[in-house]
Amino acid sequence: MKRSVQFWRIDQMSGEGLFRPFPARRVAEVLREAEDDGVDRHFRCADGTVLLAQAAAVAPFPVLLLDRVRGGNLPSVGDSAGRRKALPLDAGDHLLETTYFAFLKRNVLAVLGSGNGPRAARLGEYLGGMLGLEPGLVPVVREDVEDILERLDVSRFEFSLPAGRLSGTSMGGEWADVLDSASRLMSEGTFRVSLSVGRSGSARDKQRIRERIQHLIEVFRRAGSMEQFDHVVAEGKNSVSGDREVVDLLKERFISYVDVDADAFNDPARAAAEAVEILRNQAQNHEEFFARTLPEVTGMPDNSVVPRLAAATAMEQATAGEQAAAGEHALAGGAAR
């Protein structure tokens, strides 16, 4: 069984540039302390998705598990003849769909996921809601992509995705509004957006449009959910060579594909250890690439910005609507201020 390991870089924290190591070890320690103390660590996102995190490892580098918690709309179990029956869950149990996050040197975040686990952007939502931290993520790309985009006088940006995946929750800013509106217009087929400078207008007008498209490309790349899309390209003229270039932003992202032991990942007692080992190997295998292509991060992490989780504040953040959600317990979490 193959799974992908995506690589992101944390370049901001809570909207500010990050020039020292992200305090990942302290985050892992806080989550482990909260688990040991029985503190509720569930967090409900704005779209109703419930997330739950725990520390799988603190050293040699921190690894977090982030679960999407499902209490309704569950799949069925089928026997060899295809006869269906409900999942054998005990009262109060939920389905957990997991993504693993490893915090490496140079503020690199390695993400080992499956098709159903939370995407990378969800980690920012969880840490923002629970701890007041919000890491800004940018994808790690192959060596020349950043240089190409820097030189590109962009004239066209285009993307497409299946209508069934349309959701504004995977994007930020203006793109969230676009995808939310599109999700109400269509539920089948393919949704495609193409932005271009066009032929009319003055040189000044065209430059203003180019700058706007360039900004929208950066917002799009930071969204953390590019893997949902079927097609993402930027086109323009190379300002150095004068050549027309097309950059496929899906193919140029730095993603590793690994073989995993399906039996181990289906065994809750073994899955976390297996994931930590895979991420450890990935860190070693790509260290030279990261050292060559990414900036060094110096100094010590500011652990003071990571508060402890407290049971009292977890209960205070639960809303009446969340408590009344059908088929679920009050799963809201909060952070000590």
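Note that this is a predicted model, so its numbers are computed, not measured.
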Phe61, Trp8, Phe22 screened by ring pair (Phe, Tyr, Trp, His ring centres under 6.0 Å) with Phe103, the one that passes:
Phe22
Using the side chain to side chain contact (heavy atoms under 4.5 Å, CB included) rule, take Leu152 and Glu245 through it: C-alpha gap first, then chi angles, then the decisive distance, then the call.
CA-CA 8 Å; Leu152 198 67; Glu245 293 186 353; 4.1 Å; yes
Tell me, yes or no, whether the heavy-atom count around Phe289 atom CZ, taken from other residues, nucleotides or ligands under 6.0 Å, exceeds 12.
yes
I need the minimum non-hydrogen distance between Asn116 and Arg68, along with the two atoms involved.
O-NE, 3.4 Å
Heavy atoms, side chains only, cut-off 4.5 Å: are Phe290 and Val140 in contact?
yes
Apply side chain to side chain contact (heavy atoms under 4.5 Å, CB included) to the pair Leu96 and Val69, showing each step before the final yes or no.
CA-CA 5 Å; Leu96 302 179; Val69 182; 3.7 Å; yes
Please report the shortest heavy-atom distance between Pro118 and Thr98, naming the atom on each side.
CD-C, 4.2 Å
What class does the angle between the rings of Phe159 and Trp175 fall in, given that below 30° is parallel, 30 to 60° is tilted and above 60° is perpendicular?
perpendicular
Donor-acceptor check, side chain of Asp40 to backbone of His42, threshold 3.5 angstrom: yes or no?
yes
Show, in sequence, the C-alpha distance, side-chain angles and deciding distance for Phe157 and Val232, and conclude whether the side chain to side chain contact (heavy atoms under 4.5 Å, CB included) test is met.
CA-CA 8 Å; Phe157 175 57; Val232 184; 3.7 Å; yes
Do Phe7 and Leu294 touch side chain to side chain, with heavy atoms closer than 4.5 Å?
no
With a cut-off of 6.0 Å (strictly less than), are more than 12 heavy atoms of other residues, nucleotides or ligands near NZ of Lys206?
yes
Would you kindly confirm whether Val260 and Val63 end up in one hydrophobic cluster when ILVMFWY residues are joined by side chain heavy atoms under 4.5 Å apart?
yes
Check for a donor-acceptor pair, side chain of Asn266 on one end and backbone N or O of Ala262 on the other, with a separation under 3.5 Å.
yes
Check whether any side-chain N or O of Arg9 sits under 3.5 Å from a backbone N or O of Val138 as a donor-acceptor pair, and report yes or no.
no
At what distance, to the nearest 0.5 angstrom, does CG of Leu52 lie from CG of Leu66?
8.0 Å
Before accepting this row, confirm whether a basic side-chain N of the pair Glu125/Arg119 lies closer than 4.0 Å to the acidic partner's carboxylate O.
no
With rounding to the nearest 0.5 angstrom, report the CG to CZ distance, Leu161 to Phe191.
7.5 Å
Quick test of your reading of the model: are Glu211 and Arg208 salt-bridged, counting only N-O distances below 4.0 Å?
no
Please examine the side chains of Ser256 and His286, heavy atoms only from C-beta on, and report whether any two atoms are closer than 4.5 Å.
yes
Please report the shortest heavy-atom distance between Thr298 and Pro21, naming the atom on each side.
O-CD, 3.4 Å
Is Gln284 atom CD crowded by more than 12 heavy atoms from other residues, nucleotides or ligands, each under 6.0 Å away?
yes
Under 3.5 Å donor-acceptor, Lys105 side chain and Glu296 backbone:
no
Apply the test side chain to side chain contact (heavy atoms under 4.5 Å, CB included) to residues Leu104 and Leu279: give CA-CA distance (whole Å), side-chain angles for both, the deciding distance (0.1 Å), then the verdict.
CA-CA 9 Å; Leu104 310 180; Leu279 292 167; 6.0 Å; no
Keeping the roles fixed (side chain from Asp47, backbone from Thr49), state whether a donor-acceptor pair exists under 3.5 Å.
yes
Value for CD (Glu218) from CG (Leu149), rounded to nearest 0.5 Å, stands at 7.0 Å
With the threshold set at 4.0 Å, does a side-chain nitrogen-carboxylate oxygen contact exist between Glu29 and Arg26?
yes
Residues Glu277 and Arg270 bridged, charged N to O under 4.0 Å:
no
Any side-chain to backbone donor/acceptor pair from Asp230 onto Ser160? Under 3.5 Å, distance only.
no
Hey, are the side chains of Glu158 and Glu235 touching, using non-hydrogen atoms and a 4.5 Å cut-off?
no
Measure the shortest side-chain to side-chain distance between Val233 and Leu249 over non-hydrogen atoms and say whether it is less than 4.5 angstrom.
no
With a 6.0 Å cut-off on the ring centroids, do Tyr126 and Phe101 count as close?
no
Where the side chain of Asp302 meets the backbone of Pro23, is there a donor-acceptor pair that is under 3.5 Å apart?
no
So, for Ala234 and Ile217, which heavy atoms are closest and what is the spacing to 0.1 Å?
CB-CD1, 4.0 Å
Do Leu109 and Leu123 come within less than 4.5 Å of each other through their side chains, counting heavy atoms only?
yes
Sidechain-backbone polar pair: Arg32 side chain, Ala55 backbone, donor-acceptor under 3.5 Å
yes
Using a 3.5 Å distance criterion without hydrogens, assess whether the side chain of Arg3 forms a donor-acceptor pair with backbone atoms of Val258.
no
Has Ser196 got a side-chain atom pairing as donor or acceptor with Arg156's backbone, closer than 3.5 angstrom?
no
Nearest heavy-atom contact between Ala53 and Leu31 is CB-CD1, 4.1 Å
Ionic contact status for Arg292 with Glu288, cut-off 4.0 Å
yes
Mind checking the CZ-CG spacing from Phe19 to Asp11? Nearest 0.5 Å is all I need.
9.0 Å
Taking atom OG1 of Thr190 and atom CZ of Arg192, what is their separation to the nearest 0.5 Å?
7.5 Å
Smallest heavy-atom separation, Arg41 atom then Leu309 atom, equals CG-CD1, 4.4 Å
